[in-house]
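Structure, as structure tokens:
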Amino acid sequence: MKKNLIYWLIILVAAGCNAPTPNKGQTNESVESTSVDISDEKLDKLGITNREYLSAASKRALAWPDIGNEWFIEFGAVQPLKGDLKYEEGVVRRDPSAMIKVNGKYYVWYSKSTGPTQGFGGDIETEKVFPWDRCDIWYATSEDGWTWKEEGMAVPRGEKGAYDDRSVFTVEIMEHEGTYYLCYQTVKSPYNVRVKNQVGLAWSDSPDGPWTKSEEPILSPADNGIWKGEEQNRFLVEKKGDFDSHKVHDPCIIPYKGKFYLYYKGEQMGEEITFGGRQIRHGVAIADNPKGPYVKSPYNPISNSGHEICVWPYNGGIASLITTDGPEKNTIQWAPDGINFEIMASIKDAPHAIGLNRASDNEKEPTEILRWGLTHIYNNGDYQSIMRFSSRRKTVHLAKGVKVK
Ligand code: AAL
């Protein structure tokens, strides 16, 4: 144990000494790492030739945690759905919620709108600025997860003047003690590029509704950013503010440790492109009751990358699929406490906007819940449809015809 600790200290110091110097002209004191206490087995596993000459990459590899391939998966090609949820020209169906199973039927909720997107160049009072603008929340049911029946609207946009009068979209479902909760994004008109996005909640004692909406949002962006000037430009700021100073998105509530953890994506005023792409991070807000009040964790942000929230309980902690944006995109992470996430696997081609299958046995193995579920694709710039994804664990890489016992 003690030897282990000394070994890690040496590795961390060695890795730290060789931290990159990103700017031209700056010098980096080159420290040779010699006599590093690493086992022969470890060197052999990592294929490192000479312990006296460790490259920066080898030092990083030596600092990796000793985990197996239990979290590593590969996604298959996405498949179209049948019935009412197959692609329909002129209709946007996107951002599916998780699926839950009630009385033998899968239920899913999603954002639905009609007509093309005009964008921000014209009259934002009358036009549609994004495919997710002017949406209501609809739902569908299925017996097998392939053929779906659209059942109707679940949650409409609010009355003129309400916080959700422009669009309600990107919904998630949670069932707790016989009550169903939908949490979703909201926008109030006018939908300009600086508009703040919030989170609303609706509840019902049946997945078929009727739904009661919260009178106020349950989550709002941090209000410590300052726009620069009056121009409609979301990149111009005096001060950026917290990671979620502009938008709180993709809400997903998980009952956890006797409380309710609302995971969400933050967008920041003055968002930049980093060396990993868009500056997108996740946060969590915690409540004693499903309806709130939700209090943002002081540890936020709890990711430095990612896009849509895709989280599930596993082995006493919370797992999270990190996609699309940031230096740690395309990883699966896990936090023993729901807050301090570490990378467990690095994957590729993760589907977007995943709707997990909450009816699956998520404790069977780390990624069991990702065996199949829902996602969306862009059929074109105007219209999106819901699709089905699948994944499999990969533990060996074999040529065609080769069999291993
Ligand atoms: C999605 C989500 C949110 C955004 C938009 C619709 O991928 O992150 O829902 O607002 O795109």
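Counting starts at 1 for both ligands and their atoms, following the listed order.
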Note to self: I'd like the name of whichever of Trp132, Phe130, Tyr184 reaches closest to atom 5 (C) of ligand 1 through any heavy atom.
What the structure shows: Trp132

Item checked: Within reach of ligand 1, part of Asp95 (heavy-atom separation under 4.0 Å) -> side chain

Next item on the list: Please work out which of the three classes, parallel, tilted or perpendicular, describes the rings of Tyr107 and Tyr139, given edges at 30° and 60°.
Entry: parallel

Notebook entry, point to check: Which of these, Gln384, Arg94, Glu150, sits in a side-chain hydrogen bond (donor to acceptor under 3.5 Å, both in side chains) with Tyr110?
Noted result: Glu150

Next item on the list: Mark up the atoms of ligand 1 that fall under 4.0 Å of a heavy atom belonging to Phe169, in ascending order.
Entry: 10 (O)

Next item on the list: Please report which non-hydrogen protein atom sits nearest to atom 7 (O) of ligand 1, along with the residue it belongs to and the distance in Å to one decimal place.
Entry: Glu308 OE2, 2.6 Å

Margin query: What's the separation between atom OG1 in Thr117 and atom CG in Asp382, rounded to the nearest 0.5 Å?
Written below: 5.0 Å

Notebook entry, point to check: Which of the atoms of ligand 1 are close to Thr170, meaning less than 4.0 Å from one of its heavy atoms?
Noted result: 3 (C), 6 (C), 9 (O)

Note to self: Please list, in number order, the atoms of ligand 1 under 4.0 Å from a heavy atom of His307.
What the structure shows: 7 (O), 8 (O)

Notebook entry, point to check: To the nearest 0.1 Å, how far is atom 11 (O) of ligand 1 from its closest protein heavy atom, and which atom is that?
Noted result: Arg94 NH2, 3.4 Å

Check: What do you reckon, is NZ of Lys394 surrounded by more than 12 foreign heavy atoms closer than 6.0 Å?
Finding: yes

Next item on the list: Mark the output for Lys247 as yes if a heavy-atom distance to ligand 1 is under 4.0 Å, and as no if none is.
Entry: no

Check: Atoms of ligand 1 less than 4.0 Å from Lys265 heavy atoms?
Finding: 2 (C), 8 (O)

Note to self: Does any N or O of ligand 1 fall below 3.5 Å from an N or O anywhere on Asp250, backbone included?
What the structure shows: yes

Check: Do Trp71 and Tyr314 have their ring centres less than 6.0 Å from each other?
Finding: yes

Checklist line | cation_pi(Arg93, Trp138) dist<6.0 Å, angle<=45 | finding: no

Check: Counting each atom of ligand 1 from 1 as listed, which ones have a heavy atom of Gln185 under 4.0 Å away?
Finding: 3 (C), 9 (O), 10 (O)

Notebook entry, point to check: Which bit of His352 is near ligand 1, meaning a heavy atom under 4.0 Å away: side chain, backbone, both or neither?
Noted result: neither

Next item on the list: Could you walk me through whether Glu151 and Thr141 pass the side chain to side chain donor-acceptor pair (under 3.5 Å) test, one step at a time?
Entry: CA-CA 7 Å; Glu151 302 282 358; Thr141 60; 2.6 Å; yes

Item checked: Positive for side chain to side chain contact (heavy atoms under 4.5 Å, CB included) with Ser303, one of Ile322, Ile309, Thr331 -> Ile322

